[in-house]
Amino acid sequence: MYVDVLVPGIWWHPLTYSTPQIVETGCRVVVPMGPRGGKRVGFVLAVKEKLDEKPSYEIKEVTEVLDQVPPLNEELWSLSEWISRQYLCSQSEALRLMCPPQVTKGCNVDHQDLSRQKPSRGTYQERCFYEASDEKRYARYVDIIEEAGYGLVFFPEETVARSFWDILPCHIKKKGLLWPSGGGKKGFDAWLKTRRGEVSVIVGSAGLLFAPLAPIDFILIEEEASSSYNFARYPYISLRHIAAKRAQTWGATLIFGGRMPSSRVYLLKKPQLEEKPKGQIHFVNIRKASCLELPGVTRGIPISSTLLTSSLDAVNSGKIALWILDRKGYVGEISCEECGWMMTCPECGSLCRLTRDIVVCPICGKRYEMPTVCPSCMSNFIMGRRPGIEALYRIARSLVDPAIPVHTWYKEESGKKRRTMVLNDLKDGGIIVGSRLSVTFCDDCFVGVVGWVDADAEARRPLYDARFTAFSMIWESRCRGKDPDSRNVIVQSRTPYRGWQRGLRRGWHLFWDEELAERRELGFPPFELLVEITGPLKITDDILPSLDKSGFAVYKPIADEGRLWVKTKDLKNMREALKPFFHISRSKVGFPKIRIWRD
DNA sequence: CCACCAGAGCTC
DNA sequence: AGCTCTGGTGGC
């Protein structure tokens, strides 16, 4: 007897082993692997009596059969295959993503027969609910959960999921589960409990995407356009895409909710905004605003009088003012004013930034002294450009009364302990200077003003979705959290109230209509998929002609860099063309990495 | 991807 | 000598 086994690895095909025992498809087995025969846990993909042809390799024997019945039900098993096709990855990688680590490591899972959990082809349907007020949305969600049976409820952030869980009525909580975010033993217990059929409604963040719930009557995705639904690690799956697939297989109702829709949902469903946010939005031209002088910086950051006075107003009435600048450190670039030399990392060649008098490479993390003399022209006109949060903090400190507390907030310094400290210090009002992350403070305290210090910076990033990112962040800051109706949002820009910014006042339908027209023209998502292939040059240089031959238009954004872009809808042929590069025999050369943007 | 091994660096 | 850590290796 032979079995095709999905062994953890990045090649796309299964490996064949022999076994004297009887095994079923979907069960886990332990197999020897590699030159030293290390033990791996794999899933059986297929069982066959004899081989089609003589293999060119030695066939090893299965060491141990771990399951009598498959640990995943039919829906999740075929979902892993679907994911491998949709995201051009191996099925074993999809399975690793889907299962708790205990399962892929080979821990015991109770031998339940899940074969009766057949996805019923009910009537799949979609519903949308876009509403600026968090309160109104959540109230609607509670109603939906009340009347529905089994379902998953997604929130983009763990803390928001928890606060929604807290407002749920007791009888729902009793049959429901707040999905633990950390994984570990707690996560495994939640997985087993769900699998045993002891819960019907699960609330949580992205981690519950593969909860073994069966059947599924509804799936609710709050703030469906949120970027936290795009996984940050390989394979780069989109939660919304996969959740929609799950809803379709179960014939469930899929509910999209949020403050604004994603490009794909807007294109397909043309949803309407129930009610515009009531808070005020102002646009300020920073070409005309004056800058403060900062030590070692050529061009400072302008703080308009509009932002300053309304911030002080907010602080004086005990509220918080948020000044948001999505740039870390003191300055983002170090350059010579005399000859134009820019400081790059001697190790990896990327542009360095200055943080607390120390030069840091943002890519490899190496640290250097700030140079005093330009190595190119020997002048001493070394200055910083593109000031960041630290510089903004100094500006804020110098502009407002020393009695007013000012704090910074960004990813590297955003611990739970520090957050309570900051909140406590700001309970009578104050200023937070930080990255986009600071918007979460709207949940915990009264934010009277949100100032987008350099609104153009985000929209300028060389990515097709940069304008959407900029727009959605500012839109979120208008609606999120406590008392958004009395909040002012101030957008500082060099091109105020033009282009993408106009939708901020008149509604996101205006933004999407213009943005989608342009993306359609250029063939960007959601009209086409954007496939990125990265790897060492010797691999991508092989792939390029091969894709070319299959009729794909391949772009190479940067010459002499192992990065390729393809705009296509045809993943099937793409997969065929890339297949040879994902055969196990290519191990020595290495494997490329694939990332797909869908909207 | 990931078990395995080798060699580096450290402590006793 | 014995320990942990880090990095290279290559696969049914």
**Request:** Tell me yes or no: between the side chains of A:Ser263 and A:Asp599, is some donor less than 3.5 Å from an acceptor?
**Result:** no

Identify each atom pair where a protein N or O and an N or O of nucleotides 4-6 of chain C are less than 3.5 Å apart, giving names and distance.
none

**Request:** List for me each residue that meets side-chain contact (heavy atoms from CB on, under 4.5 Å) alongside A:Glu224, sequence neighbours excluded, and say none if there are none.
**Result:** A:Tyr130, A:Ile221, A:Arg240, A:Phe256, A:Pro261, A:Ser262, A:Val265

**Prompt:** Which of the following nucleotides, B:dC1, C:dG11, C:dC12, is nearest to the side chain of A:His13?
**Reply:** C:dC12

**Prompt:** Can you tell which of B:dC2, C:dG10, C:dC12 lies closest to the side chain of A:Ser587?
**Reply:** C:dG10

In terms of side-chain geometry, is the basic nitrogen of [X] or [Y] positioned less than 4.0 Å from the acidic oxygen of its partner?
{"X": "A:Lys572", "Y": "A:Glu576", "answer": "no"}
{"X": "A:Arg461", "Y": "A:Asp326", "answer": "no"}
{"X": "A:Glu528", "Y": "A:Arg519", "answer": "no"}

**Request:** Look at all strands and tell whether A:Tyr17 reaches a base, only sugar-phosphate, or nothing, counting heavy atoms closer than 4.0 Å.
**Result:** sugar-phosphate

**Prompt:** So what does A:Pro55 hit on the nucleic acid, given a heavy-atom distance under 4.0 Å: a base, only sugar-phosphate, or nothing?
**Reply:** nothing

**Item:** Interatomic distance, A:His583 NE2 vs C:dG11 P [rounded to whole Å]
**Value:** 12 Å

**Single hit among A:Arg595, A:His241, A:Glu93 for side-chain hydrogen bond (donor to acceptor under 3.5 Å, both in side chains) with A:Tyr87** = A:His241

**Request:** Using heavy atoms and a sub-4.0 Å distance, could you list which residues of residues 36-47 of chain A are near DNA chain C? By number, please.
**Result:** A:Arg36, A:Arg40

